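What you see is a predicted model, and the numbers here were worked out from it, not measured in a lab.
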Amino acid sequence: SPNVAAQPSSRYACWVVDVDVRLTDEASALFPLQFIAQLRFDTATGSLRLVEDAAIAAAAPAGCCSERGDARDGDGDKSERWTLVSRAAALPGLDHMSHQSLFQAAKMRGVSFDLFHNVGCVFAYLDVVHSLFSLLAVDHSAELCSKRFSTAVGALVEGSSRINGQTGNRAKVGATQTSLGWKRQASDGLSVTDVQIALRTMQKRWSEKPRHV
């Protein structure tokens with residue numbers, strides 16, 4: 001319609017070019033998550049499900065979806081997945097490792113993704129030059145996600161400390177964090193120690209379940 005565009009003589013007339021929406025880190029993590037784990041959002045529940053099951057649920061009538069949901073609740077929903085993603089964190093000593101040695105150390109300690117069962121843990125972000133990393137874990141429940149994530153972080157800490165000639169128990173992973181410069185800005189001042197503390201707090205809440213009399 002000719003009434004939509006502003007008149008050239010108007011002081012409010014302008015051209016909008018090169019719009020950058022600047023996705024957040026959390027939103028950016030959804031794309032590799034859906035690609036690697038083959039997951040889609042179930043529009044009826046908002047849960048993450050395997051692609052085939054999500055497509056079937058979206059195509060089924062409303063009544064059928066509720067019946068399928070009741071059946072899944074009874075025997076456990078094998079198509080549903082939970083995910084846990086961390087922000088970029090600093091891991092001292094990571095800059096002394098090559099990508100090959102890092103991937104080998106991670107694989108030897110079970111940090112991998114099972115494409116057959118669609119569960120596992122992968123790097124969502126990795127910068128060995130600046131000692132930064134971020135992990136993405138996928139599993140059948142939130143509790144299993146945190147356990148898998150915690151195991152992966154511990155494996156990276158142990159592998160990094162051994163490469164640098166230290167023992168895993170004595171490595172002071174949080175003491176040598178760079179306080180200034182690009183590394184701190186990219187990781188928001190977050191260290192691997194902070195990630196481990198957050199994971200322990202999360203797991204402690206699940207372990208302290210109320211007792212039923």
Side-chain angles (χ1 to χ4, degrees), residues 21-89 91 99 102-127 132-157 159 190 192 195-196 198-209:
V21 295
R22 296 188 179 275
L23 289 174
T24 62
D25 294 337
E26 292 78 6
S28 300
L30 292 176
F31 300 102
L33 165 66
Q34 293 180 333
F35 175 74
I36 297 172
Q38 292 295 293
L39 299 175
R40 293 294 183 273
F41 283 103
D42 188 339
T43 56
T45 63
S47 302
L48 284 169
R49 302 191 185 282
L50 299 180
V51 173
E52 296 181 357
D53 296 271
I56 293 174
C64 296
C65 291
S66 60
E67 293 176 359
R68 289 180 71 251
D70 296 338
R72 285 195 300 256
D73 293 338
D75 56 1
D77 188 358
K78 295 182 180 180
S79 69
E80 187 177 16
R81 294 293 184 274
W82 290 71
T83 182
L84 178 61
V85 187
S86 71
R87 288 183 172 271
L91 174 57
H99 287 89
L102 174 61
F103 293 149
Q104 183 178 4
K107 185 177 181 180
M108 289 177 61
R109 291 165 176 80
V111 183
S112 61
F113 196 89
D114 187 346
L115 294 174
F116 183 77
H117 295 95
N118 297 93
V119 295
C121 194
V122 297
F123 286 100
Y125 177 81
L126 180 61
D127 184 354
L132 296 173
F133 80 100
S134 172
L135 291 175
L136 185 154
V138 179
D139 218 311
H140 294 280
S141 68
E143 188 172 359
L144 290 176
C145 268
S146 68
K147 290 180 180 179
R148 185 181 294 275
F149 199 101
S150 180
T151 301
V153 172
L156 292 179
V157 172
L190 191 68
V192 67
V195 176
Q196 290 178 311
L199 288 169
R200 293 192 191 102
T201 304
M202 188 187 308
Q203 292 174 344
K204 186 178 180 180
R205 291 178 180 176
W206 279 314
S207 63
E208 294 178 349
K209 295 180 180 179

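- With sequence neighbours excluded, the residues forming a side-chain contact (heavy atoms from CB on, under 4.5 Å) with Ala142 are Trp82, Trp206, listed by chain and number.
- Leu48 has its side chain within reach of Leu33: a pair of non-hydrogen atoms, C-beta onward, lies under 4.5 Å apart.
- At distances below 3.5 Å, at least one donor-acceptor pair connects side-chain atoms of Ser134 with backbone N or O atoms of Ser86.
- Listed by chain and residue number, Glu143, Leu144 satisfy the side-chain contact (heavy atoms from CB on, under 4.5 Å) test with Ser141 (two or more places apart in sequence, or in another chain).
- Within the model, atoms OG of Ser47 and CD of Glu80 stand 4.0 Å from one another, a figure rounded to the nearest 0.5 Å.
- Listed by chain and number, the residues in a side chain to side chain donor-acceptor pair (under 3.5 Å) with Ser150 amount to none (sequence neighbours excluded).
- Scanning for side-chain contact (heavy atoms from CB on, under 4.5 Å) contacts around Ala29 gives Val85, with sequence neighbours left out.
- Checked against salt bridge (Lys or Arg N to Asp or Glu O under 4.0 Å), Arg81 has no partners two or more places apart in sequence or in another chain.
- For the pair Leu102/Leu156, a side-chain contact is recorded, criterion being any heavy-atom separation below 4.5 Å from C-beta on.
- A distance of 15.5 Å separates CZ in Phe103 from CE in Met108, rounded to the nearest 0.5 Å.
- Considering only heavy atoms from C-beta on, Asp127 stays 4.5 Å or farther from Phe133 through its side chain.
- Across Val111 and Ala152, no two heavy atoms sit closer than the pair CG2-CA, 3.7 Å.
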Which is it for Leu135 and Val195 under the side-chain contact (heavy atoms from CB on, under 4.5 Å) test, yes or no, and what are the steps along the way? CA-CA 11 Å; Leu135 291 175; Val195 176; over 6 Å; no
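- By the salt bridge (Lys or Arg N to Asp or Glu O under 4.0 Å) test, Arg200 is found to be paired with no residue, residues two or more places apart in sequence or in another chain being considered.
- At a threshold of 4.5 Å between non-hydrogen side-chain atoms, the residues Leu39 and Val51 do not count as touching.
- Residues that satisfy the side-chain contact (heavy atoms from CB on, under 4.5 Å) test with Gln34, not counting sequence neighbours, are Arg40, Phe41.
- The salt bridge (charged side-chain N to carboxylate O under 4.0 Å, His left out) contacts involving residues 133-142 comprise Asp139-Arg148, where partners must be two or more places apart or lie in separate chains.
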Please tabulate, for the side chains in residues 112-119, all donor-acceptor contacts under 3.5 angstrom to protein atoms that are two or more places apart in sequence or on a different chain.
unit_1, atom_1, unit_2, atom_2, d
Asp114, OD1, Phe116, N, 2.9
Asp114, OD1, His117, N, 3.3
Asp114, OD2, His117, ND1, 2.8
Asn118, ND2, Ala37, O, 2.9

